[in-house]
Amino acid sequence: MSQVRIVDASYVDVPETAVRPPGPIKLTAMEALWIVIPVLQHVLLYEGDDDTPPFDAIVQSLRSSLAATLRSFAPLAGKLVHLEETGDVGISCSASDSVRFVVAECDADIGRLAGDEEHDLRVLEGLVPEVDMSLLPTPVLAVQATRFQGGVAVGVTVHHGVADGRALWTFVEAWAAACRGETPATTPCFDRSLVKLPGGEELARSVVRKVAPNLPSVALASSVFEDRKRLIRRTFTLDEGDIQRLKQHIVHLNESGGTPLPRPPSAFATVVALAWTCFARCKSFSLEDDVWLFFFADIRERLDPPVAAGYIGSCLTKCLARLPARELHGERALAAAAAAVQGEINKMKEDPIAGWNFFSFDPMPSIDRLMNISGSSGFSAYQIADFGWGKPRRTEPIRMNSDGQVALMGSRDGRGVQVSVALLQAAQMDEFKSNFLALLE
């Protein structure tokens, strides 16, 4: 039975020349929500070849380039703390800050791990550093390098209140560029004053009081995500041709139904419509029940004024759609689903901050009939995460918490979409796959 063994754990210091903030970086209200569900983890799997450096050289390169990257990403080496004098939660930085760097080894077959449709979750979870974020102060970042026979894995754990998916990949892109000896393309920005929310800092403090009344403990009840360890996970990939055919099919369905679209659906709306339809069909819902869809939208460019692309934080708003199960079982299911997704996107564009509080719902969706989308079809992890020995063979999110969660990522060839699915029952996963493949025909 394969297992991951930790062989070393040390720290990479922030260089003395680093740019540090003058004081604590207080989380915004939309970031403070994440202090009770903080863990964001991804793993990158690289298969080696004759040109791949020895593992010890890889570790040295990763460590030195991480130190170089922390010159401009210094707050990621800080601690998330409760600022008792004001009631805020924020990132505290000091001259002694560092990032934990774990070195591990694993005897699993990295080719199988990177190539299998079904996840070996026990091994994958061991490839990212474990960080207990249930009590403040807590580190906000840790990294791990794992040696395989024939490859290497790079794992990242970051606090979701400090970085959303876009921010995580901005950091990884900068780290990889530094490891290749290049200059990062994006300048990071940690200035929370750029995010204008009604209520400002007092709103953030009220969120902290509500979601974490027992500070410095921010732990949720252990039963909240008790299903996580039992989830079955598989990954499917849609290539560019698949997506184009689905778009054309959706356009045809709308034209034949007398409601032509002003433009074809986006890749995101197309892929989500497919996953939502498969989710509804793999479950035994009553046809009269509503099936819900939850997803986040990055609103950096939609704030007034817009926030820079290099903003390192969580800048997300919620979108929530629903359709009767009957529609998702019908002949026009994909068209109905794509229209519902696009409708929520259009509403978000009209008022980007309306959904900032993703804990607040009216009406409250039925959790057992909810599909939750994380990630984005626009994330280009495969293209940006070349540390000097080629792009990853596979990248996966590690922390998927709920039955019906779907994580999106741009595909390895840069033109399609990777779809990772988590469900509780094997029979439902088989049914999801059957519908997924049938709808692509």
For [Y], is there any backbone N or O sitting under 3.5 Å from a side-chain donor or acceptor partner on [X]?
X	Y	result
Asp242	Asp239	yes
Ser360	Asn357	no
Thr395	Val43	yes
Thr237	Gln418	no
Asn214	Ser217	no
Asp109	Gly111	yes
Glu31	Ala163	no
Ser411	Gly416	yes
Arg394	Ala114	yes
Thr277	Leu328	no

Going by an N to O cut-off under 4.0 Å, is there a salt bridge joining Arg234 and Asp430?
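Result for this pair is yes, salt bridge flagged.
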Any side-chain heavy-atom pair of Leu320 and Leu293 under 4.5 Å:
no
Any non-hydrogen side-chain atom of Val12 less than 4.5 Å from a side-chain atom of Ser98?
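With C-beta onward as the side chain, the pair stays apart.
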Using ring centroids (six-membered ring only for Trp), state whether [Y] and [X] fall under 6.0 Å.
X	Y	result
Phe294	Phe358	no
Phe171	Trp169	no
Trp34	Phe296	yes
Trp175	Phe73	no

Where is the tightest heavy-atom contact between [X] and [Y], given as atom of each residue plus distance?
X	Y	answer
Val341	Phe295	O-CZ, 4.0 Å
Met371	Ile373	CE-CD1, 3.5 Å
Arg332	Asn254	NH2-OD1, 3.6 Å
Pro21	Pro75	CD-CG, 4.2 Å
His82	Asp88	CD2-O, 3.3 Å
Arg192	Gly161	NH2-O, 4.3 Å

Sequence neighbours excluded, which residues qualify as salt bridge (Lys or Arg N to Asp or Glu O under 4.0 Å) partners of Asp386?
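Once residues adjacent in sequence are excluded, Asp386 has no partner under the salt bridge (Lys or Arg N to Asp or Glu O under 4.0 Å) criterion.
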Could I get the full list of salt bridge (Lys or Arg N to Asp or Glu O under 4.0 Å) partners for Glu431, not counting sequence neighbours?
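Testing Glu431 for salt bridge (Lys or Arg N to Asp or Glu O under 4.0 Å), a comparison that skips the adjacent residues, returns none.
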Is there a side chain to side chain donor-acceptor pair (under 3.5 Å) between Thr235 and His119? Walk through the geometry before answering.
CA-CA 8 Å; Thr235 293; His119 299 191; 2.6 Å; yes
Give, for atom CD1 of Ile25 and atom CG of Leu83, the distance between the pair rounded to the nearest 0.5 Å.
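Here the rounded value is 11.0 Å.
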Let me confirm one number: the CG-CZ distance from Leu440 to Arg245, rounded to the nearest 0.5 Å.
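That separation rounds to 7.0 Å.
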Going through the checks in order, is the side chain to side chain contact (heavy atoms under 4.5 Å, CB included) test met by Leu274 and Leu238?
CA-CA 11 Å; Leu274 173 63; Leu238 298 167; 4.0 Å; yes
Go through the steps to decide whether Leu66 and Val143 satisfy the test side chain to side chain contact (heavy atoms under 4.5 Å, CB included), and finish with yes or no.
CA-CA 9 Å; Leu66 177 58; Val143 301; 3.9 Å; yes
Passes salt bridge (Lys or Arg N to Asp or Glu O under 4.0 Å), Arg233 versus Asp116? Steps please.
CA-CA 11 Å; Arg233 289 176 40 177; Asp116 281 358; over 6 Å; no
From CA spacing to verdict: side chain to side chain donor-acceptor pair (under 3.5 Å), Glu396, Ser420:
CA-CA 8 Å; Glu396 285 289 348; Ser420 300; 2.7 Å; yes
Indicate every side-chain donor-acceptor pair of residues 129-136 with a distance under 3.5 Å to a residue at least two apart or in another chain.
residue : atom : partner : partner atom : Å
Asp132  : OD1  : Ser134  : N            : 3.0
Asp132  : OD1  : Ser134  : OG           : 2.6

Validate the cation-pi geometry between Lys318 and Phe359: distance from NZ or CZ to the six-membered ring centre under 6.0 Å, angle to the ring axis within 45°.
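No - Lys318 does not lie over the ring of Phe359 by the 6.0 Å and 45° rule.
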I would like to know whether Val195 and Leu303 meet side chain to side chain contact (heavy atoms under 4.5 Å, CB included); could you show each step before the answer?
CA-CA 7 Å; Val195 178; Leu303 293 175; 4.1 Å; yes
Side chain to side chain contact (heavy atoms under 4.5 Å, CB included) between Lys433 and Met429: does it pass, once the steps are laid out?
CA-CA 6 Å; Lys433 179 180 178 179; Met429 183 65 82; 5.8 Å; no
Matching residue for Asp403 among Gln425, Lys283, Gln428 - test: side-chain hydrogen bond (donor to acceptor under 3.5 Å, both in side chains):
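Considering Gln425, Lys283, Gln428, a side-chain hydrogen bond (donor to acceptor under 3.5 Å, both in side chains) with Asp403 is found only for Lys283.
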Show your reasoning for whether salt bridge (Lys or Arg N to Asp or Glu O under 4.0 Å) applies to Arg166 and Asp164.
CA-CA 6 Å; Arg166 182 168 174 178; Asp164 55 17; over 6 Å; no
Glu344 vs Lys347, salt bridge (Lys or Arg N to Asp or Glu O under 4.0 Å): CA-CA, chis, key distance, verdict:
CA-CA 5 Å; Glu344 289 304 311; Lys347 285 198 296 186; 3.0 Å; yes
I'd like to know whether Lys26 forms a salt bridge (Lys or Arg N to Asp or Glu O under 4.0 Å) with Glu201, so could you lay out the CA-CA distance, the side-chain angles of the two residues, the decisive distance to 0.1 Å, and finally the verdict.
CA-CA 8 Å; Lys26 298 177 181 178; Glu201 291 186 359; 3.4 Å; yes
Check the side chains of Ser374 and Gln405 for a donor-acceptor pair under 3.5 angstrom, ignoring hydrogens and angles.
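Yes.
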